[in-house]
Undergrad: 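Below are the structure tokens for one structure; questions will follow.
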Amino acid sequence: MELLFVTLGGAILGIAAHYALPLRHTHGVALVPAIGAAVAGVVWVALTWLGWAWDGGWIWVVSLVAAGLLAGATAFLIGPRRDRADSALFERLARPGAGRA
């Protein structure tokens, strides 16, 4: 049950990262929350395998902080990269004959 709660918390942090960071129009609405949920679940399971108590406070803190940081970093990195890729594709498609010899 706790795994469900921590995964939901990671998804909520991903939603917050999606709407808090700029260039959110460059990626889908579910990508960053899905990354947050996946990271929270994987970190939680890894920490329980390492012997951390599921009812301890630190496992919650580490799992949710890792999920929030990675979701935010993903949203922060995907936006500008996708914007540059879209601009390059537009420039390439705007000149269909350029580049042919």
Side-chain angles (χ1 to χ4, degrees):
M1 186 58 107
E2 286 77 13
L3 180 60
L4 175 69
F5 291 145
V6 79
T7 304
L8 181 62
I12 291 170
L13 290 173
I15 290 170
H18 173 74
Y19 286 108
L21 294 172
L23 296 174
R24 65 179 151 263
H25 66 279
T26 59
H27 47 78
V29 71
L31 177 66
V32 178
I35 290 170
V39 168
V42 167
V43 170
W44 177 276
V45 169
L47 292 176
T48 56
W49 284 350
L50 290 174
W52 288 33
W54 57 268
D55 58 348
W58 284 111
I59 192 170
W60 289 93
V61 171
V62 171
S63 297
L64 293 176
V65 167
L69 288 176
L70 262 71
T74 302
F76 187 73
L77 295 174
I78 287 176
R81 182 174 179 177
R82 176 72 188 268
D83 201 28
R84 286 190 306 269
D86 287 350
S87 296
L89 179 63
F90 177 76
E91 290 299 321
R92 189 176 58 108
L93 294 175
R95 293 172 247 222
R100 288 189 201 176

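Just so you know, residue 1 is the first one in the sequence shown, and it goes up from there. These numbers come from the heavy atoms of this one structure, side chains and all, not from hydrogens, waters or symmetry mates.
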Undergrad: Of all heavy-atom pairs between Ala67 and Gly36, which one has the smallest distance, and what is that distance?
TA: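 Shortest heavy-atom separation between Ala67 and Gly36 comes out as CB-O, 3.4 Å.
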Undergrad: When clusters are formed from ILVMFWY side-chain contacts under 4.5 Å, directly or step by step, what else is grouped with Val42?
TA: none
Undergrad: Mind listing the side-chain donor-acceptor pairs of residues 1-29 below 3.5 Å, one per line with the distance, residues two or more places apart or on another chain?
TA:
| unit_1 | atom_1 | unit_2 | atom_2 | d |
| --- | --- | --- | --- | --- |
| Thr7 | OG1 | Leu3 | O | 2.7 |
| Arg24 | NH1 | Tyr19 | O | 2.7 |
| Thr26 | OG1 | Leu23 | O | 2.6 |

Undergrad: Hey, could you give me each pair passing ring-ring contact (aromatic ring centres under 6.0 Å, His included) that has a residue in residues 59-85? Not counting sequence neighbours.
TA: Trp44-Trp60
Undergrad: So, using side chain to side chain contact (heavy atoms under 4.5 Å, CB included) as the criterion, who are the partners of Arg92 when residues are at least two apart?
TA: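 Partners of Arg92 by the side chain to side chain contact (heavy atoms under 4.5 Å, CB included) criterion, ordered by chain and then number, come out as Leu89.
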Undergrad: Only one of Leu47, Thr48, Val39 forms a side-chain contact (heavy atoms from CB on, under 4.5 Å) with Ser63, so which one is it?
TA: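 The side-chain contact (heavy atoms from CB on, under 4.5 Å) with Ser63 is passed solely by Leu47 among Leu47, Thr48, Val39.
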Undergrad: Can you list, pair by pair, the side-chain donor-acceptor contacts under 3.5 Å of residues 50-59, counting residues two or more places apart and other chains?
TA:
none

Undergrad: Arg82: what forms a salt bridge (charged side-chain N to carboxylate O under 4.0 Å, His left out) with it, not counting sequence neighbours?
TA: Asp86
Undergrad: Who clusters with Val32? Use side-chain heavy atoms, under 4.5 angstrom, across I, L, V, M, F, W and Y, and order the result by chain and number.
TA: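 Besides Val32, the hydrophobic cluster comprises nothing; the residue is isolated.
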Undergrad: Which distance, rounded to the nearest 0.5 Å, do you find between the CG of Leu69 and the CG of Leu64?
TA: 11.0 Å
Undergrad: So, taking the atom named CG in Leu31 and the one named CD1 in Ile35, what distance separates them when rounded to the nearest 0.5 Å?
TA: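 Output value for this atom pair is 4.0 Å.
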